[in-house]
Amino acid sequence: AVLGKNILFSALKGNSEAMQVVVDAMEKVVYPKDTQVMVQNDVGGEHWYIIETGEVDIVKDSVKVTSFKSGEGFGEMELMYACRTAASVIVSSEECTCWRLGRGTYRHIVMKA
């Protein structure tokens, strides 16, 4: 349900088979507190992330802009366009469990839908 609400997967709306392929391709990752999952100005983020549990801070130019929690995702622009990372994403809870999808898989499955 969360994937269906994300613009990255709008091309798959109504295609439950393709959506299941995306879900099966996602990898579970667990990060401890203070891990920088993404670093501002890095080039070519390779993954899109959705948070299962925990919380991350979004930090731009050393200033916390917002926080994301369970059900929210980040890394869309970097995944689609291989652009510089707009902000750092830092784990603020004791632990953060995310599911991530790599660029190659995204392009293979979603862009061809």
Side-chain angles (χ1 to χ4, degrees):
V2 174
L3 294 183
K5 296 176 185 175
N6 191 286
I7 192 165
L8 284 177
F9 305 101
S10 58
L12 300 182
K13 198 165 189 123
N15 185 342
S16 59
E17 186 177 311
M19 194 66 82
Q20 188 59 50
V21 171
V22 171
V23 169
D24 292 344
M26 295 184 83
E27 173 188 15
K28 184 177 186 175
V29 288
V30 180
Y31 298 104
K33 184 176 179 71
D34 298 325
T35 300
Q36 288 193 30
V37 180
M38 298 180 78
V39 178
Q40 184 177 355
N41 291 321
D42 274 2
V43 178
E46 292 292 321
H47 297 93
W48 171 73
Y49 299 84
I50 187 159
I51 301 169
E52 180 179 356
T53 61
E55 190 169 319
V56 297
D57 289 338
I58 309 304
V59 178
K60 186 170 176 91
D61 300 325
S62 301
V63 176
K64 178 182 169 184
V65 178
T66 191
S67 293
F68 289 171
K69 58 185 191 284
S70 180
E72 295 182 283
F74 56 91
E76 294 93 334
M77 298 303 291
E78 295 81 4
L79 181 72
M80 290 191 299
Y81 303 113
C83 59
R84 289 191 182 275
T85 303
S88 292
V89 178
I90 304 167
V91 176
S92 55
S93 55
E94 286 305 309
E95 189 174 85
C96 185
T97 300
C98 298
W99 289 87
R100 70 181 183 187
L101 180 69
R103 177 182 292 120
T105 304
Y106 173 75
R107 287 190 173 162
H108 179 75
I109 298 169
V110 180
M111 301 289 278
K112 292 183 180 189

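When a residue number appears, it is its place in the shown sequence, counting from 1. Note that these values count all heavy atoms, side chains included, but never hydrogens, waters or copies made by symmetry. Remember, predicted model here, so these are calculated numbers, not experimental data.
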Quiz item: Which residues satisfy the side chain to side chain donor-acceptor pair (under 3.5 Å) test with Glu27, sequence neighbours excluded?
Solution: Arg100
Quiz item: Are Met77 and Leu101 connected in a single hydrophobic cluster, I mean Ile/Leu/Val/Met/Phe/Trp/Tyr linked by side-chain heavy atoms less than 4.5 Å apart?
Solution: yes
Self-check item: side-chain contact (heavy atoms from CB on, under 4.5 Å) between Asp34 and Val91, worked out
Solution: CA-CA 5 Å; Asp34 298 325; Val91 176; over 6 Å; no
Quiz item: Can Val29 be reached from Phe68 by stepping across I, L, V, M, F, W or Y side chains whose heavy atoms are under 4.5 Å apart?
Solution: yes
Quiz prompt | Co-members of Val65 in a cluster of I, L, V, M, F, W and Y side chains, linked at under 4.5 Å | solution = none
Quiz item: Taking side chain as C-beta onward, heavy atoms only, is Ile51 less than 4.5 Å from Cys98?
Solution: yes
Quiz item: Any chain of hydrophobic side-chain contacts (each under 4.5 Å) joining Val30 to Val37?
Solution: no
Self-check item: Spacing of NZ belonging to Lys60 relative to OG belonging to Ser88, to within rounding of 0.5 Å
Solution: 10.0 Å
Quiz prompt | Under the salt bridge (charged side-chain N to carboxylate O under 4.0 Å, His left out) test, residues paired with Lys64 that sit two or more places apart | solution = Asp57
Exercise. May I have the step-by-step check of salt bridge (charged side-chain N to carboxylate O under 4.0 Å, His left out) for Glu46 and Arg103, ending in yes or no?
Key: CA-CA 5 Å; Glu46 292 292 321; Arg103 177 182 292 120; 2.8 Å; yes
Self-check item: Interatomic spacing from OG1 in Thr105 to CE in Met26 - rounded to 0.5 Å
Solution: 10.0 Å
Quiz prompt | Side chain Ser93, main chain Glu95, donor-acceptor under 3.5 Å | solution = yes
Quiz prompt | Shortest non-hydrogen contact from Gly102 toward His47 | solution = CA-CD2, 3.6 Å
Exercise. Please name all residues satisfying side chain to side chain donor-acceptor pair (under 3.5 Å) with Gln36, sequence neighbours left out, ordered by chain then number.
Key: none
Quiz prompt | Those residues that, when tested against Glu52, pass salt bridge (charged side-chain N to carboxylate O under 4.0 Å, His left out) (two or more places apart) | solution = none
Quiz item: Of the non-hydrogen atoms in Gln40 and Val59, which two are nearest, and what is the gap between them?
Solution: OE1-O, 3.8 Å
Quiz item: Aromatic rings Phe74 and Tyr49: how do their planes relate, parallel, tilted or perpendicular, breaks at 30° and 60°?
Solution: parallel
Quiz item: Do the side chains of Ile50 and Glu72 get nearer than 4.5 Å, heavy atoms only?
Solution: no
Quiz item: Taking Lys33 for the side chain and Ser92 for the main chain, is one N or O donor matched with an acceptor at less than 3.5 Å?
Solution: yes
Self-check item: Pairing residues for Thr66 by the side chain to side chain donor-acceptor pair (under 3.5 Å) criterion, not counting sequence neighbours
Solution: none
